[in-house]
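Step one of this worksheet: look at the structure below.
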Amino acid sequence: MASLKELAAREQKLAPGHRACAGCIPALTFHQVLRSAPGHVVASCATGCIEVVTTIYPYTAWKIPFIHNAFENSAATISGVEAAYQALKRKGKVTKDIKFIGFGGDGGTYDIGLQSLSGAMERGHDMLYVCYDNEAYMNTGIQRSSATPFAADTKTAPVGKVRKGKKQYPKNLTEIIIAHDVAYAAQASPSFWRDLNKKVEKALSIEGPAFINVLAPCPPGWRFPTEMGIEMGKLAVDTCFWPLYEFENHKRKLTYKPKEKLPLSEWTKHQGRFRHLHQEENKHLLELAQQEVDRRWKELLFLCGEPA
Amino acid sequence: MSEKSWKEVPIGGLIVEPGNSKNYKTGSWRSFKPVWYEDRCIQCLACWNSCPEPSIFVVEGKVTGIDYDFCKGCGICAEVCPEKAHAIEMEPEF
Amino acid sequence: MSKIMGLSGNEAVAHAMRQINPDVAAVYPITPQTELMHQFAEFHSDGLVDTELVLVESEHSAMSATVGAAAAGARAMTATSANGLALMWEIVYIASSLRLPIVMPVVNRALSGPINIHCDHSDTMGARDSGWIQIFSENGQEAYDNAVMAVKISENKTILLPTMVTLDGFILSHTLERVEILEDNEVKKFIGEYHPETSLLDVDKPSTYGALDLQDYYFEHKRQQFEAMGNVLPVIEQVSKEYGKLSGRDYGLIEKYRVDDAERVIILMGSSVGTAKDTVDDLRNAGEKVGLIKIRVYRPFPYNALREALKHVKALAVLDRAISFGTFGGPVFTDVRAMLFGNGVSLPMMNYIYGLGGRDIDKAQIRLAFDSLKDVVKTGKVKKEVNFLGLRD
């Protein structure tokens with residue numbers, strides 16, 4: 001694990017001048033992930049917020065080789081790059097050691113890019129895939145995705161007089177990837193940078209496919225003040241909505257256990273997309289959301305061999 | 001950047017100047033600006049580590065100021081600055 | 001020194017791929033392309049190629065991984081048919097826009113629906129505006145030759161565009177033919193080493209591929225693609241000439257068959273050309289002045305060569321193995337007509353749609369097309385422009 005001093009001394013792989021919104025935690029996620037990879041890295045990214053804001057022609061924030069192909073194929077694309085690396089290294093045409101990181105938002109990963117990711121993970125490429133999960137299609141203007149939390153207000157599942165936001169609970173993508181029996185998988189948060197840094201280092205040091213799912217709070221999409229992003233991540237973790245854990249050697253392990261598990265409302269109350277949950281008539285929805293968080297947390301504790 | 005003809009730009013939409021977004025200043029987006037007080041700073045680097053741009057100058061492991069060329073004024077740096085230090089304060093831009 | 005083998009079209013192309021020995025090949029099965037990659041996978045398992053095989057979960061990922069590999073500086077290939085090509089669609093356009101010289105054999109098959117596995121050209125016809133070079137093959141030999149030449153054409157510095165080498169599904173892909181293949185080292189020497197100027201693996205010279213290209217430069221990049229396409233035909237002629245010296249087989253952009261003094265001519269592409277040549281011979285033996293033109297290079301469209309070849313012709317029929325709904329004829333017909341219109345060539349033209357979904361075409365049908373042109377020669381008029389061959393009325 002590197003100290004902040006060491007991380008700051010490294011050549012940064014992403015330059016400022018990108019056009020992410022003020023307070024964008026997805027952008028911070030990219031910085032923290034890339035800082036944790038000191039050697040040569042080639043990256044890909046699915047169409048989405050960070051792809052757009054970092055590569056508006058003729059400008060690029062990328063100081064390392066980067067490819068954006070399309071929305072649904074970041075994993076397949078970087079798997080092709082990795083295959084080229086294996087072939088060209090074998091032939092002696094490439095001599096340097098290079099790591100490969102594919103990025104995608106929740107839309108490009110949980111939804112439209114799931115098949116491409118599943119294929120790349122199953123084939124066993126030596127690569128890391130990082131999902132920056134901001135829990136909706138933010139780039140197109142806040143539409144629900146399969147990662148969007150229950151009852152959240154989005155443009156395609158808005159809160160109205162009759163219907164109150166998203167009907168479904170979020171898909172558990174991390175567990176879907178774990179079911180591929182990958183070399184490494186984890187959930188992380190930039191609000192816990194040491195934990196994230198360690199996970200990226202581990203993912204890149206292990207040979208084979210690795211996956212890290214990072215919860216990346218989005219100020220305009222979640223509707224919280226721009227300075228609150230780090231706090232939003234912390235609360236998501238401390239309410240056990242977003243547990244920090246990893247999967248290695250076929251075993252799950254909690255990497256952080258909140259001293260006190262906070263009620264989900266501690267997280268939702270700061271966010272405009274959940275405002276309705278804090279009105280008396282929608283109390284039952286908040287209760288349902290809480291029950292689901294509790295159920296998943298209990299199940300995870302069991303899977304991690306932790307006392308309930 | 002002056003606009004070039006199709007004969008002058010690399011083919012395929014390729015950008016061959018890594019990190020040239022540094023020529024695109026985003027500082028004008030700000031309505032509040034962080035002001036850093038060196039005397040109060042405990043050099044924990046939490047601000048740099050939490051800045052999405054990044055627009056915190058760090059030289060030899062130490063914060064030396066704020067890069068107003070890029071800072072969008074989100075206020076995360078002031079928020080994550082340890083309470084006992086309180087070395088960054090948000091002030092109105094004008 | 002070449003070697004004579006009995007090979008199906010798929011096997012012939014697989015041999016071309018073995019000799020090209022691409023760095024990366026993405027593999028996904030679809031009828032009738034499947035056996036092409038079976039054969040190539042066998043070569044791979046027997047250690048006859050150095051290729052990194054990426055056994056993807058869909059054609060979409062096949063093209064995506066191929067694009068990634070090509071952007072990483074690898075010589076990258078994949079192959080497909082019909083619905084597979086359709087699933088790749090978005091990335092087919094991205095491959096040409098990123099200027100990646102990928103070579104992809106496409107075994108022509110009808111594009112659903114209803115689903116059908118047999119030959120027509122509707123799959124690659126849809127991709128005719130995608131910025132790929134398209135070369136059609138008459139037989140297994142040509143499919144092999146075209147695949148080898150395509151590498152050199154695509155990678156030409158003035159081009160850097162991907163190429164589809166097509167062969168008719170089943171009719172060519174699954175039919176055993178006599179195919180001459182070059183020596184491995186002859187192919188290796190002919191295509192040479194691939195040295196891209198930029199690559200994702202060039203970490204000392206980092207490039208950004210696939211940036212968001214808006215109003216201020218997108219148009220300029222499209223103009224560059226237009227320019228590159230404009231450079232293709234002379235390069236194909238040059239490469240074909242070099243290949244002719246090596247193999248003894250000369251190819252033009254088009255092939256003229258008994259056209260020089262012909263009054264009635266048909267134009268067509270792909271495997272039906274063989275049947276049509278026999279028909280021409282039959283009619284010539286009966287004293288009729290007929291001929292045919294095979295279009296080998298369909299994209300870019302060989303305007304000048306065709307215009308020149310048609311100068312003295314009195315009546316023309318274009319045989320399309322694809323249908324284009326809502327227009328006034330099949331895609332080749334529309335192209336030929338557009339090419340002639342406004343170029344001072346006033347030539348009465350008929351269009352015959354044939355062979356959709358693998359419907360057989362025989363000499364009697366082709367003869368019918370020639371016969372119907374007799375009246376056109378006499379009157380200078382076409383009664384009905386779009387017609388169907390081999391269809392039950």
Side-chain angles (χ1 to χ4, degrees), chain A residues 13 19 39-45 47 51-91 93-98 100 102 113 115-123 125, chain C residues 21-26 28 49-58 60-76 78 88-91 93-95 97-98 193-195 198-218 220-221:
Chain A
K13 292 180 164 66
R19 290 176 233 186
H40 293 299
V41 171
V42 177
S44 74
C45 189
T47 311
E51 168 267 325
V52 165
V53 301
T54 57
T55 66
I56 300 181
Y57 192 90
Y59 297 104
T60 180
W62 292 87
K63 296 164 85 175
I64 56 170
F66 170 82
I67 182 166
H68 157 251
N69 190 342
F71 193 6
E72 64 285 31
N73 63 1
S74 179
T77 304
I78 200 75
S79 82
V81 178
E82 189 264 356
Y85 171 72
Q86 300 296 351
L88 296 176
K89 198 146 195 216
R90 209 162 47 227
K91 293 177 185 178
K93 290 185 178 176
V94 171
T95 50
K96 292 189 167 136
D97 287 328
I98 304 173
F100 300 91
Q115 174 181 322
S116 160
L117 174 62
S118 172
M121 293 286 111
E122 183 272 333
R123 290 193 296 275
H125 294 272
Chain C
N21 195 7
D23 300 306
V24 175
Y28 194 76
V49 289
D50 308 312
T51 308
E52 191 72 20
L53 281 193
V54 188
L55 306 176
V56 286
E57 83 299 331
S58 69
H60 193 283
S61 285
M63 186 44 67
S64 301
T66 307
V67 162
R75 201 171 247 159
T78 186
M88 301 178 171
W89 214 253
E90 178 193 18
I91 318 305
Y93 277 73
I94 291 169
S97 306
L98 291 179
E193 289 269 320
Y194 176 45
H195 295 294
T198 50
S199 124
L200 287 169
L201 297 181
D202 189 353
V203 287
D204 298 323
K205 231 176 74 189
S207 309
T208 289
Y209 285 73
L212 176 65
D213 201 9
L214 299 173
Q215 298 95 321
D216 44 358
Y217 278 104
Y218 180 85
E220 275 66 27
H221 291 124

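First the proteins, then the strands, lettered A, B, ... as listed; each starts at 1.
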Full working for side-chain contact (heavy atoms from CB on, under 4.5 Å) between C:L212 and A:V53: CA-CA 9 Å; C:L212 176 65; A:V53 301; over 6 Å; no

So A:E72 and C:H60, side-chain contact (heavy atoms from CB on, under 4.5 Å) or not? Walk me through it. CA-CA 9 Å; A:E72 64 285 31; C:H60 193 283; 2.7 Å; yes

In sequence, state the C-alpha distance, the side-chain angles, and the governing distance for A:R90 and C:D50, and then conclude on salt bridge (Lys or Arg N to Asp or Glu O under 4.0 Å). CA-CA 9 Å; A:R90 209 162 47 227; C:D50 308 312; over 6 Å; no

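With a threshold of 4.5 angstrom between heavy atoms, C:D202 approaches chain A through N, CA, C or O but not through any side-chain atom. At a 4.5 Å heavy-atom cutoff, the contact between C:H221 and chain A is made by side-chain atoms alone. For C:L214, the part lying near chain A is the side chain, with the backbone staying farther off; criterion is any non-hydrogen pair under 4.5 Å. With a threshold of 4.5 angstrom between heavy atoms, A:I56 approaches chain C through its backbone and through its side chain. Only the backbone of C:T51 comes within contact range of chain A, with at least one heavy atom under 4.5 Å from a heavy atom of that chain. Using a 4.5 Å cut-off between heavy atoms, C:Q215 makes no contact with chain A at all. The contact between C:L200 and chain A is made by backbone and side chain atoms together, counting heavy-atom distances below 4.5 Å.
For the pair C:Y217/A:P58, a side-chain contact is recorded, criterion being any heavy-atom separation below 4.5 Å from C-beta on. Looking at A:H125 and C:V54, their side chains come closer than 4.5 Å, going by heavy atoms from C-beta outward. Looking only at side-chain heavy atoms (C-beta outward), A:N73 and C:S61 stay at 4.5 Å or farther from each other. Side-chain contact check for C:V56 versus A:R123: some heavy-atom pair is nearer than 4.5 Å.
Atom-to-atom distance recorded for A:Y57:OH and C:D213:CG is 6.5 Å, nearest 0.5 angstrom. In this structure, CD in C:E57 is found 9.5 Å from CG in A:L117, a value given to the nearest 0.5 Å.
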May I have the list of side-chain donor-acceptor pairs in residues 68-76 of chain C shorter than 3.5 Å, sequence neighbours left out?
unit_1 : atom_1 : unit_2 : atom_2 : d
C:R75  : NE     : C:E155 : OE2    : 2.7
C:R75  : NH1    : C:G192 : O      : 3.1
C:R75  : NH2    : C:E155 : OE1    : 2.8
C:R75  : NH2    : C:I191 : O      : 3.4
C:R75  : NH2    : C:G192 : O      : 2.8

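Among A:V42, A:T47, A:V94, the residue with the largest count of heavy-atom pairs under 4.5 Å with chain C is A:V42. The most heavy-atom pairs under 4.5 Å with chain C, out of A:E82, A:K63, A:H40, come from A:H40. When the candidates C:V24, C:V67, C:T208 are compared by the number of heavy-atom contacts under 4.5 Å with chain A, C:T208 comes out ahead. Per-residue counts of heavy-atom pairs under 4.5 Å with chain C were compared for A:K91, A:K93, A:E122; the largest is that of A:K91.
Taking the side-chain contact (heavy atoms from CB on, under 4.5 Å) definition, one finds that A:S118 meets it with A:H180, sequence neighbours left out.
A:A87 approaches C:E52 most closely through the heavy-atom pair CB-CB, 4.0 Å.
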